[in-house]
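Everything below concerns the one structure shown next.
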There are 2 protein chains.
Amino acid sequence: MAVNKYYTITELTREFGVSTRTLRFYEDEGLIHPERRGRTRLFRSADRRLLQEILRGRRIGFTIAEIREIINVYKEPPGELGQLKLMMNRIDEKRSELRQKRKDIEETLEELDNAEEACLTRLAEIGVST
Amino acid sequence: MAVNKYYTITELTREFGVSTRTLRFYEDEGLIHPERRGRTRLFRSADRRLLQEILRGRRIGFTIAEIREIINVYKEPPGELGQLKLMMNRIDEKRSELRQKRKDIEETLEELDNAEEACLTRLAEIGVST
DNA sequence: ATTGACTGTTACGTAAAAGTCAAATATTCT
DNA sequence: AGAATATTTGACTTTTACGTAACAGTCAAT
């Protein structure tokens, strides 16, 4: 079965457009934990999916620390009540933050539309005189 | 008329929760151009609005260079045809980038919802035994 | 005239997230 | 086995976006 397929580090760097340094850095930071054959890293598809999430967080603009936090949130929620409430608070914070960002993005998209229209108008003006 | 109201630098820092260092830095970087009375900076409401846009760009995760570029796009579109096409291309690029980011955000929001549900479930489990 | 709040400039410092380079191993291909 | 290729670790460097310190000028109020 192809279930046990490994990805080498360079396969992943090529697929996602990141450097090997980046992947090693993420491992140092405790974001990913690829297996080893000797010293060589072997990535499973679970690692691959995790990397996808990390890079999504990166694109959004989260710091490593924030990404780590979100990853932990995905894992099992803690059994202790206080921890659980803390976690739910953090989830709430992240959610507000993301909603604000989404709003910012939508406003900026509108402004880009306006800017494009202005360009088209100007283009028409020039086009006429060409 | 209150039309000519000035904002001092600290008024703006308080309103937007940024430091004076940040505003001076943005001026150094050519993002804003407050007037001067002697050496003292005087901000008009146009500067204030511009600052709002800058901070929105910052929240989205744009670099200073990108923010500067977007600001320039908002200004008058250039008269020269080549420039105009370049600008429209950049607008298109930014738009794709922002749409990707919005998608990333929406996916992450969904995952946060899942994580919260898991927390609630766990909370119920604990609550029962409390 | 002095105090205190605000402002200015200049210059150095810093944290995050990799990039870059070197030297040593490991793996793959023939 | 031996050459060619890929990978690892470690150290040093870079870039961005300010923070921070040091020191001086401005202005209103006491």
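No hydrogens, no waters, no symmetry mates; every other heavy atom, side chains included, goes into these values. Per chain, numbering begins at 1; letters A, B, ... match sequence-line order.
Salt-bridge check for B/R95 with A/D113: passed, with a basic side-chain N closer than 4.0 Å to an acidic carboxylate O. In summary, B/E125 and B/R122 engage in a salt bridge, as defined by a charged side-chain N under 4.0 Å from a carboxylate O. Salt bridge absent: B/E97 and B/R102 never bring a charged side-chain N and a carboxylate O closer than 4.0 Å. Salt bridge absent: A/E66 and A/R58 never bring a charged side-chain N and a carboxylate O closer than 4.0 Å. With respect to the salt-bridge test (charged N to carboxylate O, under 4.0 angstrom), the residues A/R56 and B/E111 qualify.
A/R58 has no side-chain polar atom (N or O) that falls below the 4.0 Å cut-off from OP1 or OP2 of C/dA17. Remark: B/T8 is in phosphate contact with C/dT7, judged by side-chain N or O atoms under 4.0 Å from OP1 or OP2. Residue A/R36 places none of its side-chain N or O atoms closer than 4.0 Å to OP1 or OP2 of C/dT25.
Judged by the 6.0 Å and 45° rule, B/K101 forms no cation-pi pair with A/F62.
In summary, contact between chain A and DNA chain D, defined as any nucleotide atom under 4.0 Å from a heavy atom of the protein, begins and ends at D/dT7 to D/dA11 in the 5' to 3' direction.
Rounded to whole Å, the distance from CD on A/E27 to C1' on C/dA17 is 17 Å. To the nearest angstrom, P of C/dC6 lies 16 Å from CG of B/L42.
Listed for the B/T22 side chain is no donor-acceptor partner under 3.5 Å among the backbone atoms of B/V18.
Ranked by how close their nearest DNA chain C nucleotide is to the 5' end, B/R39 and A/G38 are led by B/R39. Along DNA chain D, the nucleotide closest to B/T63 and the one closest to B/R37 are compared, and the more 5′ of them pairs with B/T63.
For DNA chain D, the residues of residues 9-25 of chain A within the heavy-atom distance limit of 4.0 Å (strictly under) are A/I9, A/T10, A/R21, A/R24, sorted by number.
Between B/D104 and B/Q100, the side chains place a donor N or O and an acceptor N or O closer than 3.5 Å (distance only, hydrogens not considered).
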